[in-house]
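Notes follow once the structure below has been shown.
Lettering of chains follows the sequences in order, A, B, ..., and the numbering in each one begins at 1. None of these values were measured; they are calculated from a predicted model.
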2 protein chains.
Amino acid sequence: MDVHGRDLRYFAAVAEELNFTRAAERLFVSQPALSKQIRMLEKQVGARLFHRDRRVVRLTVVGEALLPHARGMLAAWEAAEAAVEEARAAELHTLVIGMSTSPGRGLLPALRTRLVSRYPHARPVLRQVNWADPSAGLADGSSDVAFVWLPLPDGDRYRHAVVAQEPRLVALPQGHPLAARAAADGEGAVDFTDLLDEPFLALPSEAGPLRDYWLALDARDDRAPRIGGVVGSAEETHEAVANGQGVALLATGNAPLVVRDEVIAVPVRGISPSRLAVAARRDDERPLVAAYLAAAAEVAGTTS
Amino acid sequence: MDVHGRDLRYFAAVAEELNFTRAAERLFVSQPALSKQIRMLEKQVGARLFHRDRRVVRLTVVGEALLPHARGMLAAWEAAEAAVEEARAAELHTLVIGMSTSPGRGLLPALRTRLVSRYPHARPVLRQVNWADPSAGLADGSSDVAFVWLPLPDGDRYRHAVVAQEPRLVALPQGHPLAARAAADGEGAVDFTDLLDEPFLALPSEAGPLRDYWLALDARDDRAPRIGGVVGSAEETHEAVANGQGVALLATGNAPLVVRDEVIAVPVRGISPSRLAVAARRDDERPLVAAYLAAAAEVAGTTS
DNA sequence: GACATCCATAACTCATGGCTATCACGACAG
DNA sequence: CTGTCGTGATAGCCATGAGTTATGGATGTC
C-alpha cells in the first residue's frame, strides 16, 4: 500500500550501481540489509525488480518501469523538506501583532523600527481583531503580541508593557445637553457623575472585565448602568452615538476614530485614565516577542 | 531523511478531517496510534504540523506548506504502482522467442497462430541471437523459448519439442572437386568420408557440443578435423565458403541462407540428420511457455 | 586449486508501530 | 455546580521491521 522512502532510495542506489555490495557501501548499510530491503520491496510491488542471475545484476522490465517514479518521489520529498524548511524560517521571523483599533500615536512605526534594528530578518505582520476579544488574538494564539487595553481578563496569563496612559473622554452627539455644559466648563470637561443616568454603549459581553472598565463600573457605586447598545468597532460606536443610542467612553488616542460629523468628545473627570499596553503570552519566550515587548517598554519610557 | 508513505497518508487524512478520532477511523487505526505517528512525523520534519489547542485542530503554517507535497507524493506512488502493474501485465503476456537463424519452414507463423488462439493476449517477440550461444538466449534468460539445434549443451536444463529433422548438407564453393563428384552421383550427394580431409568451418568454441555436432566429430573415428575458420552467422559462413576457407555442414532448412552466388550445397551420406527443436528452461512453468512448446509438438506432428 | 567477488541465508538485537486501557480537559446539559 | 461527552495525550504491552555479524555457495581469476 505505502512505500517507505528509504526503500526507494535503496532501490535507486542499486539500480545505479547494479551491484548490491557497492550500493550498500554507498548507503552506509550492510549488504544483507540492502538485499533484504530490496526483497521486501519486490514482495510489496509483487514483482522482481532485478535479475540477479549469472553474476550480473540488472533491472527487470518492472524495475525499469518503477525507477523513474522512484527517482521522482525522492526528488519530491526533497522538495517537500525544502518547503517545510522555508515555512519554518518564515514562521520564525514572523511576528503577528494583534490590535482591535489602530494604536495610533506613532507607536507602530516606532516599535517596528526598534524590532527590525534588533532583528533585521523580522517580518512584523499586523492583524485586526474584533473588539469582542480583549486579548486581541493572544488567547487563541492568532497573535504573538497585541495592543490591549488594561485591565486584561486572565491577566496573569500575559505580561505587558504599558505604552500609553491617557484621560478617558466621553463621545456625545453634538446637540447633547452635556456638550453645552462642557463648553461652559473651565476645562471643557464634564464630571462622570453627570453621566450616571445616560445610556451607555457597551462592548460585547465576551469582553469580560474590559466591558465593565469602559462602562466605568467602579465609579458607579454598584448602580447598574443603562445600556443603550452593544458595539464591536469604532465605526459602530460612531454611528450609535450619532444616532443618539447612547454615549461611550473613549481613550484619548481613539477619539479621532469616532469624532467626526455629529459626534464630539470631551474629557471626563472622576474616572481613572485608560492604559494601552503591548502584551504577549507569559509562556511565550521567543526572541522576537521579547524584543517587541522590550521595544514597547523603551518607547513608553521615551514618550511619557 | 526518508518518509514512510504511511505517515504522509496519515498526515493528509488528519489535515482533511481536522479531527484525530475521525481520521483514525477512516484510516482503520486506533486514535493513539495516529497521534503517535503524527508526532513522529512532526519530530522528523522538526516542526509542529497541527495546532491542537483549544479543542480545535488546525494546520500550522508548516503543515500548510507540507500538505500539497504530501498529496503529490501519495499520488506519485499511486502512479508508480499503476506503472508497475502495467509492466507486470505486459511482461506476463510477452514471450521472447530466441533464434540464431530464422527457423524458416513456415514454423513461426504456424506457432504464432496456435499460441494466439490459445492466449489472445500473448505478444510473441522475436529475438535474434548470435550462434555463439547454442541455447539462443535460454541460458541467460534473455529468451523464454528458443529454436535450437540438438544436441543442446546442458541438455537436462531444458525441455524441447523437435520441429524438424532433415539430412545435413555440405556447403561447397561452386568449383570444388566434390561439387562435380556430387553432380555425377546418382543421388546428387557425397559421402562424408570424402569430406574427412577438407578444412571445416566451425562454430565458436563456446557452442560446446553443438560445435562438435556440426563438425560431425562422431563420424570421424577420433581423427581431428581440419579447421578452416570460425563462423558466427549464416552470412559469415557464406563468405568463408565462397572464399575457399573451408566447407561447412548445413541443415537443409538453412541452405537458402548460405547458398547463392559461388556457393552450393549438396546432401551428405553417412552422418546423422540435423534436428531443430523448440526449447524452454525445464523449470519455467509459465503457461505461455508451455503453450508454445505444445504448439511446437503439434506442428511437428502435422508436418512430419 | 587456492582465492576473490558477490549475493543469499541464518540468528540475533533493538527500534518501530500497532493495540487496549486510562487520563486530562474543555464544552455542555441538567 | 456537577456529571457526561468528546477529544487528544499518555502508559504499558507485544508483534514486526530493519539493522547487525557470521557464514554459505556459486562464479570467475591467477
Side-chain angles (χ1 to χ4, degrees), chain A residues 1-11 13-45 48-60 63 135 139-141 153-154 157 205-206 208 283, chain B residues 1-11 13-45 48-60 63 133 135 139-141 153-154 157 205-206 208 281 283:
Chain A
M1 183 171 193
D2 300 306
V3 72
H4 196 122
R6 181 196 43 237
D7 292 348
L8 297 178
R9 198 158 46 81
Y10 285 8
F11 168 61
V14 176
E16 273 180 35
E17 298 283 349
L18 291 179
N19 176 316
F20 279 71
T21 307
R22 276 200 302 280
E25 280 169 17
R26 220 180 73 178
L27 295 166
F28 302 108
V29 295
S30 66
Q31 170 264 313
L34 178 59
S35 280
K36 191 155 93 177
Q37 285 315 107
I38 295 290
R39 264 186 200 298
M40 288 293 176
L41 184 60
E42 288 179 325
K43 189 172 153 194
Q44 189 182 354
V45 303
R48 282 300 185 94
L49 297 172
F50 295 100
H51 292 294
R52 295 138 161 112
D53 31 68
R54 256 177 53 83
R55 314 232 51 70
V56 252
V57 172
R58 61 183 208 281
L59 279 166
T60 62
S135 78
D140 64 5
D154 276 330
R157 292 182 51 200
S205 57
E206 304 96 284
D283 59 0
Chain B
M1 184 167 190
D2 301 306
V3 231
H4 197 124
R6 178 195 48 234
D7 292 349
L8 296 177
R9 198 158 46 84
Y10 285 8
F11 167 62
V14 176
E16 272 179 36
E17 298 282 349
L18 291 178
N19 177 314
F20 280 70
T21 307
R22 276 199 303 280
E25 280 169 16
R26 221 181 73 180
L27 295 166
F28 302 107
V29 294
S30 68
Q31 171 265 312
L34 179 58
S35 281
K36 192 153 90 174
Q37 285 315 106
I38 295 291
R39 265 188 197 297
M40 289 294 178
L41 183 60
E42 287 178 325
K43 189 172 153 196
Q44 188 182 356
V45 303
R48 282 302 186 92
L49 297 172
F50 295 100
H51 291 295
R52 295 138 161 111
D53 32 68
R54 256 176 52 83
R55 314 239 55 71
V56 246
V57 173
R58 60 182 209 281
L59 279 167
T60 62
D133 177 8
S135 79
D140 65 5
D154 275 331
R157 292 183 50 201
S205 57
E206 304 97 284
R281 285 181 295 278
D283 59 0

Original post:
How would you label the contact of Y10(B) with the nucleic acid (heavy atoms, under 4.0 Å): base, sugar-phosphate, or nothing?
Top reply: sugar-phosphate
Original post:
What integer distance in Å separates D7(A):CG from dA18(D):P?
Top reply: 6 Å
**OP:** For the residue pair Q44(A) and R39(A), establish whether any side-chain heavy-atom pair is separated by less than 4.5 Å.
**Re:** no
**OP:** Round to a whole Å and report the spacing from CZ of R26(B) to P of dT7(D).
**Re:** 16 Å
**OP:** Answer yes or no: does a side-chain N or O of S30(A) lie under 4.0 Å from OP1 or OP2 of dT20(D)?
**Re:** yes
Original post:
For nucleotides 4-16 of chain C, read 5' to 3', which letter fits each nucleotide if B means a protein heavy atom sits under 4.0 Å from the base, S means only the sugar-phosphate is that close, and - means neither?
Top reply: -BBBBB-------
Original post:
Through what angle, rounded to 10 degrees, does the axis of the helix from dG1(C)-dC30(D) to dG30(C)-dC1(D) turn between its ends, using five pairs per end?
Top reply: 10°
Original post:
Looking at side-chain heavy atoms only, is the closest gap between R52(A) and I38(A) below 4.5 Å?
Top reply: yes
Subject >> salt bridge (charged side-chain N to carboxylate O under 4.0 Å, His left out) contacts touching residues 24-34 of chain B (sequence neighbours left out) >> reply: E16(B)-R26(B), E17(B)-R26(B)
**OP:** Could you tell me whether the side chain of Q37(A) and the main chain of D7(A) form a donor-acceptor pair under 3.5 Å?
**Re:** no
Subject >> Heavy-atom check, side chain of L41(B) versus side chain of V3(B), under 4.5 Å >> reply: yes
**OP:** Check for a donor-acceptor pair, side chain of Q31(A) on one end and backbone N or O of T21(A) on the other, with a separation under 3.5 Å.
**Re:** no
Subject >> Any L49(B) side-chain heavy atom under 4.5 Å of F11(B) side chain >> reply: yes
Original post:
Rounded to the Å, how far apart are D2(A) CG and dG18(C) C1'?
Top reply: 14 Å
Original post:
L41(A) CG to dG19(D) P: how many Å, rounded?
Top reply: 13 Å
Original post:
Is T60(B) close to F50(B) at the side-chain level, that is, under 4.5 Å between some pair of heavy atoms?
Top reply: no
Subject >> Distance, rounded to the nearest Å, where I38(B) contributes CD1 and dA9(D) contributes P >> reply: 10 Å
